[in-house]
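Computed from heavy atoms alone, side chains included, the values below leave out hydrogens, waters and symmetry copies. Order of listing sets the numbers, starting from 1, for every ligand and every atom in it. Because the structure is predicted, anything quoted here is derived from the model rather than measured.
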Amino acid sequence: MEKIKILVVEDEAPIQELLQFNLERGKYRVKVVDSGEEALTIAAQFQPDLILLDIMLPGADGLEVCKRLKADPKTERIPIIMLTALCEEADVVTGLELGADDYITKPFSPRVLLARVKAALRRIATSKPERNDELISAHNITIDVARHKVEVDGQDVALTFTEFKVLQLLSQQPGRVFTRYQIVDAVHGDDYPVTDRSVDVQIVGLRKKLGDSGKYIETVRGIGYRFKEEE
Ligand code: CA
């Protein structure tokens, strides 16, 4: 079986080594480059299944690289996990809105690294074009998309239209972080006058109605929200 390919874009040698060592131990085929320019060339040729992209790079930084990868038909579908320092929350938000799938904060443990890589690859494998007859089932929550019905432990939960759309969006990709802007955008479309703060209000309402299961909608501080993956 052919190995899953991962492209690592990172300019610091010790972190390059750490990533390469752990990913190879996880049975991935790894290629490492240390600049954004190189990443753009190599990504198109190597066609990795996933890219780990450092934000702070000399020359074109990770955000610029992310934008260009997502704008190129040859690389637009490759999932990107950003590597960031703790204090780069604003960059993470920008990166997610540019199309990155996830981020890992440095320093990271090998366990977290491999779990995030696996989760991103799994989401790609299971993601399908939006279907309206879909039944989403996670934890003790069942979401009947066509009928706009939600049940927790088999009991009906009455949600508003917006709460429902938020829950649908998050639960379709468990573990994926959505920024407030992405939630507004997905729920109402670009032109709807909803502020990102009103997303917080929707989330509060949604959690309350889900009762104990409200905990599956997790706050990612400084970034946004995600639906907890099942263990
Ligand atoms: Ca760096």
Requested in this report: Rounded to the nearest 0.5 Å, what's the gap from SG on Cys66 to CG on Leu96? Could you check?
Outcome: 8.5 Å

Query - Nearest to the Ca ion (ligand 1) - the N/O/S atom of Asp54, by atom name - result: OD2

Requested in this report: Answer yes or no: is there a donor N or O on one side and an acceptor on the other, between the side chain of Arg207 and the main chain of Ile217, under 3.5 Å?
Outcome: yes

**Report entry** Pairs satisfying salt bridge (charged side-chain N to carboxylate O under 4.0 Å, His left out), at least one member in residues 14-40, at least two apart
**Finding:** none

Report task. Among the N/O/S atoms of Glu12, select the one at the shortest distance from the Ca ion (ligand 1) and name it. Result -> OE2

Report summary line: Looking at Asp11, the N/O/S atom that lies nearest to the Ca ion (ligand 1) is called OD1

Report task. Identify whether NZ of Lys or CZ of Arg in Lys5 sits under 6.0 Å from the centre of the six-membered ring of Tyr28 and within 45° of that ring's axis. Result -> no

